[in-house]
Amino acid sequence: MLKISASFSRKCLQNFKETLISSTSAVVFLFLDFVDVVFCVFFRLIDEFLEGKRSQCYCFIEKEEEKSVTTDIDGENELSETLYKRRNVFREMGFLRNCSRKKEWRKVNENVRWSDCGCKNCVSWMSNEAELKLHVVIKEPDRASLQDFKGKKAENIVFLHGFISSSSFWTETVFPNLSEDAKQKYRLFAVDLLGFGKSPKPNNCLYTLKDHIEMIERSVIHPFELNSFHLVAHSMGCVLALALAAKFPNSVKSITLIAPPYFTSAKEDASLIALNRLAERRLWPPLLFGSSIMSWYEHLGRCVCYIICKNHRMWEGILKLLTWNRNLHFMAIDLTRHTHHSAWHTMHNVICGGAKFMDKYLETLSIAKVKINVTQGSRDQVVPLECSNNVKMKVPNAEVKIVANADHSSVVIGREKDLCNDLEKFWVSINKREDEDMHIRNGNLT
């Protein structure tokens, strides 16, 4: 009887807590809806004053424009509907009805806006704008011939980071912790994705899946003639890894997806479902609240980027003083190495917009028999745990590992040795399977 009473009390307390969070969230986000509308008008006026033209945004769109902005020839270069279908009570009431927008969707503003950082590190890519390429960190085997002790050519591994991160996510974790044998067998490529880290951050780009994939091809695949390679990706990078692999299914030997944001849903609703699942409008937990502000509110997000990203050198200096550490953690530095334009469009056009293509990518890779390995932390509060299981349901041959007590970041950071061991075993198993298949084919030929 006491157990039943205690269980009932916990359930009532949980229901009360959920009701309190939901009701408070509704009030707070109603207020934020209003504030974002105010900042929309503010940024339009100040952009016109400082840059000579009003800024373009997605707060208001004519009904007849919807088809023109969501349809493209190949279907992958479209804008995500989450950009202009994000609900806002005051916008829907017509508060911005007089804010006209042009039907020109490619931005024509200067590459560095007044609200972006113009320091040397952030604009160094502009010195060679004619030949834009991503920043790529390459770790070559010690042998100059790129051949291991068995005489085989070193294999290529391409690493793709997640949202608001950089190549440092891999160069500071995986690269130093691979075994000496692996360092001789593999050639490692860690990419700063378009709009992040030390890579270009042009304002005349909408950071669609196609934009990102083309830059990876131009910066890594083609110049280094990668006819065969493995892929390792974290979070948002998983969407790009699957898109890249589906484009080169005969070149990709394996894919390791760490915390992949994959939701099973109808294609037409996939983007909005991804937005609501990854950035639900809730106050708690705090990480979700921060994600929701940066994903739902274009102008509040720009304001945050103006305060933090534009002044990143000042904040880095303050952190160094507070922590008595001259070398900040790479994650603290990566947090500010983007523009609002690059982060906003990548969030919507890749993470949300890419959701509608994930089924197609996985089907293509399943047909091509590309081996997929999935890893996720059991305490991941960014990407729901169901996402890894969804991959398994879509591709039954995929291997899924749930790491106990690990979250979205600590599934990599803090368990580098274990991750590297898992990666190496996975790559070895792929090669072993290929050797066995080759022996079988040769036996049949003889």
Side-chain angles (χ1 to χ4, degrees), residues 13-37 39 58-59 79-92 162-165 234-239 258-305 335 340 343-356 358 376-391 402 406-411:
L13 184 61
Q14 183 64 33
N15 290 337
F16 173 75
K17 179 181 177 182
E18 180 62 29
T19 301
L20 180 62
I21 293 175
S22 298
S23 57
T24 308
S25 296
V27 174
V28 170
F29 280 95
L30 179 64
F31 172 73
L32 294 177
D33 283 355
F34 176 74
V35 174
D36 197 60
V37 167
F39 271 107
Y58 300 93
C59 288
L79 298 179
S80 171
E81 57 266 33
T82 57
L83 284 166
Y84 55 89
K85 285 188 176 180
R86 292 167 292 111
R87 65 180 184 274
N88 183 303
V89 173
F90 297 95
R91 184 170 67 239
E92 292 167 2
F163 188 61
I164 309 184
S165 187
H234 176 248
S235 193
M236 179 195 76
C238 296
V239 181
I258 302 175
Y262 171 54
F263 301 93
T264 55
S265 58
K267 183 176 180 180
E268 58 272 15
D269 299 325
S271 298
L272 291 170
I273 288 174
L275 176 62
N276 282 288
R277 294 302 304 279
L278 296 172
E280 185 181 0
R281 290 158 59 110
R282 285 175 61 88
L283 288 174
W284 195 266
L287 187 61
L288 181 61
F289 178 56
S291 298
S292 61
I293 288 180
M294 299 304 292
S295 302
W296 285 89
Y297 299 110
E298 182 175 4
H299 304 290
L300 280 177
R302 184 178 173 187
C303 197
V304 171
C305 286
L335 192 64
H340 173 254
W344 173 259
H345 285 88
T346 297
M347 169 65 194
H348 287 277
N349 289 334
V350 174
I351 300 177
C352 297
K356 64 173 68 71
M358 295 283 274
Q376 189 171 3
S378 64
R379 295 186 176 181
D380 195 329
Q381 293 186 332
V382 178
V383 175
L385 201 58
E386 70 183 74
C387 290
S388 292
N389 296 324
N390 290 340
V391 176
I402 304 301
D407 58 28
H408 195 66
S409 297
S410 63
V411 71

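FYI, the numbering just counts along the sequence from 1.
- Phe29 and Tyr297 make their closest contact through O-OH, 3.1 Å (heavy atoms, listed as atom of the first residue, atom of the second, distance).
- The distance from atom CZ of Phe263 to atom CG of Asn276, rounded to the nearest 0.5 Å, is 10.0 Å.
- In this structure, the side chain of Trp344 does not engage the main chain of Arg302 through any donor-acceptor pair within 3.5 Å.
- For Ser291 (side chain) and Leu287 (main-chain N/O), a donor-acceptor pair under 3.5 Å exists by modelled atom type.
- Not one N or O on the side chain of Asn349 forms a donor-acceptor pair closer than 3.5 Å with the backbone of Leu79.
- Atom CG of residue Asn88 and atom CH2 of residue Trp296 lie 10.0 Å apart, to the nearest 0.5 angstrom.
- Note that CG of Leu385 is 5.0 Å distant from CD of Gln376, once rounded to the nearest 0.5 Å.
- Side-chain atoms of Ser25 come within 3.5 Å of backbone atoms of Leu283 as a donor-acceptor pair (strictly under, hydrogens ignored).
- Pro261 and Val239 make their closest contact through CG-CG2, 3.9 Å (heavy atoms, listed as atom of the first residue, atom of the second, distance).
- Note that OG of Ser292 is 8.0 Å distant from CG of Leu32, once rounded to the nearest 0.5 Å.
- Residues Val383 and Tyr262 have side chains not in contact (no heavy-atom distance under 4.5 Å, counting atoms from C-beta outward).
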Phe31 and Val27: side chain to side chain contact (heavy atoms under 4.5 Å, CB included), yes or no, with the steps?
-> CA-CA 6 Å; Phe31 172 73; Val27 174; 5.9 Å; no
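- For the salt bridge (Lys or Arg N to Asp or Glu O under 4.0 Å) test, no residue two or more places apart in sequence or in another chain qualifies with Glu280.
- Not a single donor-acceptor pair under 3.5 Å links the side chain of His345 to the backbone N or O of Leu83.
- Taking a 6.0 Å sphere around CD of Glu18, one finds it holds more than 12 heavy atoms contributed by other residues, nucleotides or ligands.
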Steps toward side chain to side chain contact (heavy atoms under 4.5 Å, CB included) verdict (Met236, Met347) = CA-CA 8 Å; Met236 179 195 76; Met347 169 65 194; over 6 Å; no
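- Considering every non-hydrogen atom in both Val411 and Gly377, the closest pair reads CG2-N, 3.7 Å.
- Ser235 and Gly162 make their closest contact through CB-CA, 4.2 Å (heavy atoms, listed as atom of the first residue, atom of the second, distance).
- Put simply, the side chain of Glu298 gets close to the backbone of Tyr58: a donor and an acceptor are under 3.5 Å apart.
- For the pair Ser271 (side chain) and Glu81 (backbone), a donor-acceptor distance under 3.5 Å is absent.
- The shortest side-chain heavy-atom distance between Ile351 and Leu278 falls under the 4.5 Å cut-off.
- Without hydrogens or angle criteria, Arg86 side chain to Thr82 main chain gives a donor-acceptor distance under 3.5 Å.
- Formation of a donor-acceptor pair under 3.5 Å by the Ser22 side chain with backbone atoms of Thr19 is not found in this model.
- Taking the side-chain hydrogen bond (donor to acceptor under 3.5 Å, both in side chains) definition, one finds that Glu386 meets it with Arg277, sequence neighbours left out.
- Aromatic ring centres of Phe90 and Phe34 lie closer together than 6.0 Å.
- Considering NZ of Lys356 and OG of Ser80, their distance stands at 5.0 Å, rounded to 0.5 Å.
- Rounding to the nearest 0.5 Å places CD1 of Ile21 at 10.5 Å from CZ of Phe16.
- Counting only residues at least two apart or in different chains, salt bridge (Lys or Arg N to Asp or Glu O under 4.0 Å) contacts with residues 25-34 comprise Asp33-Arg281.
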Take His340 and Cys303, measure what side chain to side chain contact (heavy atoms under 4.5 Å, CB included) needs, and give me the verdict at the end.
-> CA-CA 9 Å; His340 173 254; Cys303 197; over 6 Å; no
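- Other residues, nucleotides and ligands contribute more than 12 heavy atoms inside 6.0 Å of the CZ atom of Phe163.
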